[in-house]
Amino acid sequence: ESSSTIVSYTGPPVPIPANLATTINIPIVVSGLSAPVNNLKFSFDGSSCTNAPGATTVGLDHTWVGDLIITLTSPQGATVTLMNQPGGALNNGRNFCNTVLDDGATALIQAITPAGAPYTGSFKPASPLAAFNGQNGNGTWTLTITDVFPLDGGNVRAFSLAFTSFVCTGP
């Protein structure tokens, strides 16, 4: 039997400063999982998708997503690269909104193009999220965003982790 748990970030928007190359870390606490991680999907959420600069209704607004390196670290310290300058350093597309990173997706987040913005739908992450399988998902996860170029900026506004675990319900 599998159980599914979605944990969403509920804090204030976290700025990605425009004037310096920088790294930000955003903690998200997970509790109540009764079994090890069997499958994890990551998503930048959003209520209304647009590629407008500074949009407040997207999960992550940024004016040049090709500048971003985004990783997720488990409570045990395992780190997965979700995206590594997706679409390449020249990708001046904007905004992630209802963007699901799922090992089972066919489209590659690394292959996005400026014309595809805002980025919506399911994508295979840069590195497999399966690296977290078998771990205890309870504890503090960390989303790390590195902006490698000091010109464009944005905000992390909404993201979530969707855990699936298998629970033995034997006799």
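What you are looking at is a predicted structure, and each value in this text was computed from that prediction instead of being measured.
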K.L.:
Any side-chain heavy atom of Ser8 sitting closer than 4.5 Å to one from Ile6?
P.N.:
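In contact.
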K.L.:
So which atom in Arg157 and which in Tyr9 form the shortest heavy-atom distance, rounded to 0.1 Å?
P.N.:
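Arg157 and Tyr9 have their closest heavy atoms at O-CD2, 3.9 Å.
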K.L.:
Testing the basics here: between Asn51 and Arg94, what is the closest heavy-atom pair and its distance to 0.1 Å?
P.N.:
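Heavy atoms only, the tightest pair is O-CD, 3.1 Å.
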K.L.:
Which disulfide (SG to SG under 2.5 Å) pairs, counting each pair once, include a residue from residues 27-136, with sequence neighbours left out?
P.N.:
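Sorted pair list: Cys49-Cys97.
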K.L.:
Could you go through the side chain to side chain contact (heavy atoms under 4.5 Å, CB included) check for Phe149 and Leu20 one step at a time?
P.N.:
CA-CA 7 Å; Phe149 199 77; Leu20 70 165; over 6 Å; no
K.L.:
Would a distance-only check, ignoring hydrogens and angles, find a side-chain to backbone donor-acceptor pair under 3.5 Å from Thr81 to Met83?
P.N.:
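Not confirmed, Thr81 side chain does not pair with Met83 backbone.
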K.L.:
Identify the two heavy atoms, one from Leu129 and one from Lys41, that lie closest to each other, and give their separation to 0.1 Å.
P.N.:
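Heavy atoms of Leu129 and Lys41 come nearest at CD1-CA, 4.2 Å.
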K.L.:
Report the C-alpha separation of Asn95 and Leu60 in whole Å, then their side-chain angles, then the decisive distance to 0.1 Å, and conclude whether the side chain to side chain contact (heavy atoms under 4.5 Å, CB included) test is met.
P.N.:
CA-CA 6 Å; Asn95 303 351; Leu60 184 154; over 6 Å; no
K.L.:
Kindly state whether the ring of Phe42 and the ring of Trp141 have centres lying under 6.0 angstrom apart.
P.N.:
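For Phe42 and Trp141, the ring centres are not under 6.0 Å apart.
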K.L.:
Which heavy-atom pair separates Pro150 from Ala21 by the least distance, and what is that distance?
P.N.:
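Answer, listing the atom of Pro150 first, then Ala21: CB-N, 3.6 Å.
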K.L.:
Of Thr79, Thr144, Thr140, Thr142, which meets side chain to side chain donor-acceptor pair (under 3.5 Å) against Thr73?
P.N.:
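Exactly one option meets the side chain to side chain donor-acceptor pair (under 3.5 Å) with Thr73, and it is Thr79.
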K.L.:
May I have the step-by-step check of side chain to side chain contact (heavy atoms under 4.5 Å, CB included) for Leu151 and Trp64, ending in yes or no?
P.N.:
CA-CA 9 Å; Leu151 221 57; Trp64 197 291; over 6 Å; no
K.L.:
Take Ile109 and Leu82, measure what side chain to side chain contact (heavy atoms under 4.5 Å, CB included) needs, and give me the verdict at the end.
P.N.:
CA-CA 8 Å; Ile109 195 70; Leu82 299 176; over 6 Å; no
K.L.:
State whether the number of non-hydrogen atoms from other residues, nucleotides or ligands found under 6.0 Å of Ile24 atom CD1 is greater than 12.
P.N.:
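Enclosed: over 12 neighbouring heavy atoms sit under 6.0 Å from CD1 of Ile24.
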K.L.:
Can any side-chain N or O of Gln85 pair as donor or acceptor with the backbone N or O of Gly66 at less than 3.5 Å?
P.N.:
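Pair found, side chain donor or acceptor close to backbone of Gly66.
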K.L.:
Spell out, as yes or no, whether a donor-acceptor pair under 3.5 Å connects the side chain of Asn39 to the backbone of Phe163.
P.N.:
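Absent.
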K.L.:
At their closest point, which heavy atom of Pro86 faces which heavy atom of Val65, and how far apart are they?
P.N.:
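Looking at all heavy atoms of both residues, the shortest contact is CD-O, 3.6 Å.
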K.L.:
Any side-chain to backbone donor/acceptor pair from Asp147 onto Thr23? Under 3.5 Å, distance only.
P.N.:
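No, the answer is negative, given that no donor and acceptor are paired below the 3.5 Å cut-off.
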K.L.:
Pro75 and Asn138: which non-hydrogen atoms are nearest, and at how many Å?
P.N.:
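In terms of heavy atoms, the two residues are closest at CG-O, 3.5 Å.
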K.L.:
Determine which pairs satisfy side-chain hydrogen bond (donor to acceptor under 3.5 Å, both in side chains) with at least one residue from residues 100-122, sequence neighbours left out, and list them in order.
P.N.:
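Applying side-chain hydrogen bond (donor to acceptor under 3.5 Å, both in side chains) to every pair that reaches into residues 100-122, excluding sequence neighbours, yields Asn91-Tyr119.
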